[in-house]
Amino acid sequence: MERVVFLQWIKDGCQEAYVKAHSPENLWPSIIAECQAAGMHNYTGYIGGPDNRIVVGYFEVESVEKMNEYLSKSEVNTEWSKIITPLMETGGDVANGSMEFMRPIWRIE
């Protein structure tokens with residue numbers, strides 16, 4: 001299993017829209033299902049930093065390569081990205097290569 005962490009920056013002034021899109025009442029059940037179908041689980045996002053513009057995400061997946069292949073063909077992911085990507089300075093779509101995954105340097109069980 002691969003543990004994946006990524007860091008993104010939200011455009012200044014878009015923080016509220018980003019948080020609203022990811023709130024439980026607005027997060028599309030279909031994008032959740034697509035992430036799960038792509039093999040992602042334990043997916044968690046955090047927001048903070050200067051002006052609440054930094055997003056840190058964590059998820060686990062059997063294969064990042066297979067996940068990317070699946071999501072790159074997903075119409076739901078494409079539609080979701082059309083909403084989220086304009087809010088972002090960096091990142092926005094895990095499947096199109098715009099998100100850089102961080103490199104682990106230690107782990108304590």
Side-chain angles (χ1 to χ4, degrees):
M1 171 180 15
E2 297 181 55
R3 292 174 178 87
V4 179
V5 175
F6 61 85
L7 180 70
Q8 301 176 297
W9 283 88
I10 302 170
K11 289 180 183 174
D12 193 26
C14 294
Q15 298 94 316
E16 187 176 325
Y18 183 90
V19 170
K20 184 177 180 180
H22 289 86
S23 66
E25 63 272 8
N26 292 321
L27 191 58
W28 299 353
S30 57
I31 195 64
I32 294 170
E34 283 295 82
C35 289
Q36 292 169 333
M40 301 165 77
H41 56 278
N42 292 331
Y43 196 173
T44 306
Y46 303 87
I47 189 169
D51 300 320
N52 280 324
R53 292 183 55 219
I54 299 173
V55 173
V56 176
Y58 170 86
F59 62 88
E60 298 169 359
V61 66
E62 290 301 321
S63 168
V64 168
E65 185 178 329
K66 288 179 183 177
M67 175 197 71
N68 282 338
E69 183 179 331
Y70 181 90
L71 290 175
S72 69
K73 297 173 184 173
S74 166
E75 290 180 25
V76 172
N77 186 62
T78 298
E79 292 305 309
W80 178 255
S81 294
K82 286 179 185 176
I83 294 168
I84 299 304
T85 301
L87 306 176
M88 308 307 294
E89 278 186 21
T90 60
D93 183 356
V94 73
N96 72 6
S98 67
M99 292 171 57
E100 289 188 39
F101 296 151
M102 299 178 82
R103 176 176 59 92
I105 58 171
W106 81 87
R107 182 168 158 224
I108 299 171
E109 297 252 359

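Everything numeric here is computed off the predicted structure, so don't read it as measured data.
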>> Treating Ser74 as the side-chain partner and Leu71 as the backbone partner, does any N or O pair qualify as donor plus acceptor under 3.5 Å?
In response: no
> Does the Asn26 side chain pair with the main chain of Lys20, one donor and one acceptor, at a distance under 3.5 Å?
Replying inline: yes
>> Within this structure, what is the CD-CD1 distance for the pair Gln15 and Ile10, rounded to the nearest 0.5 Å?
In response: 6.0 Å
> Which distance, rounded to the nearest 0.5 Å, do you find between the NE2 of His41 and the CD of Glu62?
Replying inline: 6.5 Å
> What heavy-atom pair brings Ser81 and Pro86 nearest, and what distance separates the two atoms?
Replying inline: O-CD, 3.8 Å
> Which atom names give the shortest non-hydrogen contact between Ala38 and Val61, and what distance separates them?
Replying inline: O-CG2, 4.0 Å
> Checking side-chain contact (heavy atoms from CB on, under 4.5 Å) for the pair Gln8/Ile54: CA distance, chi angles, key distance, verdict?
Replying inline: CA-CA 6 Å; Gln8 301 176 297; Ile54 299 173; over 6 Å; no
>> Looking at Lys66 and Glu69, is there a salt bridge between them, counting it only when a charged N and a carboxylate O are closer than 4.0 Å?
In response: no
Spell out, yes or no, whether [X] and [Y] are grouped together once hydrophobic residues are joined by side-chain heavy atoms under 4.5 Å, including indirect joins.
X: Ile47; Y: Met102; result: no
X: Ile105; Y: Ile108; result: yes
X: Trp9; Y: Val19; result: no
X: Tyr43; Y: Val56; result: no

Test item: [X] and [Y] side chains (from C-beta on) under 4.5 Å apart, heavy atoms:
X: Ile84; Y: His22; value: yes
X: Lys11; Y: Tyr18; value: no
X: Glu79; Y: Ile83; value: no
X: Asn77; Y: Ile31; value: yes

>> According to ring-ring contact (aromatic ring centres under 6.0 Å, His included), who are the partners of Tyr70, at least two apart in sequence or on a separate chain?
In response: none
> How would you list, by chain and number, every residue that makes a ring-ring contact (aromatic ring centres under 6.0 Å, His included) with Trp28, sequence neighbours excluded?
Replying inline: Trp80
>> Counting only heavy atoms from other residues, nucleotides and ligands, does the tally under 6.0 Å from CD of Glu2 exceed 12?
In response: yes
>> Can you pull out every side-chain hydrogen bond (donor to acceptor under 3.5 Å, both in side chains) where at least one residue sits in residues 46-57? Sequence neighbours excluded, please.
In response: Arg53-Glu89
> Regarding Ser63 and Glu65, is there a side-chain donor-to-acceptor distance under 3.5 Å anywhere?
Replying inline: no
>> So if I apply the side-chain contact (heavy atoms from CB on, under 4.5 Å) rule between Phe101 and each of Val5, Leu7, Val64, which one comes out positive?
In response: Val64
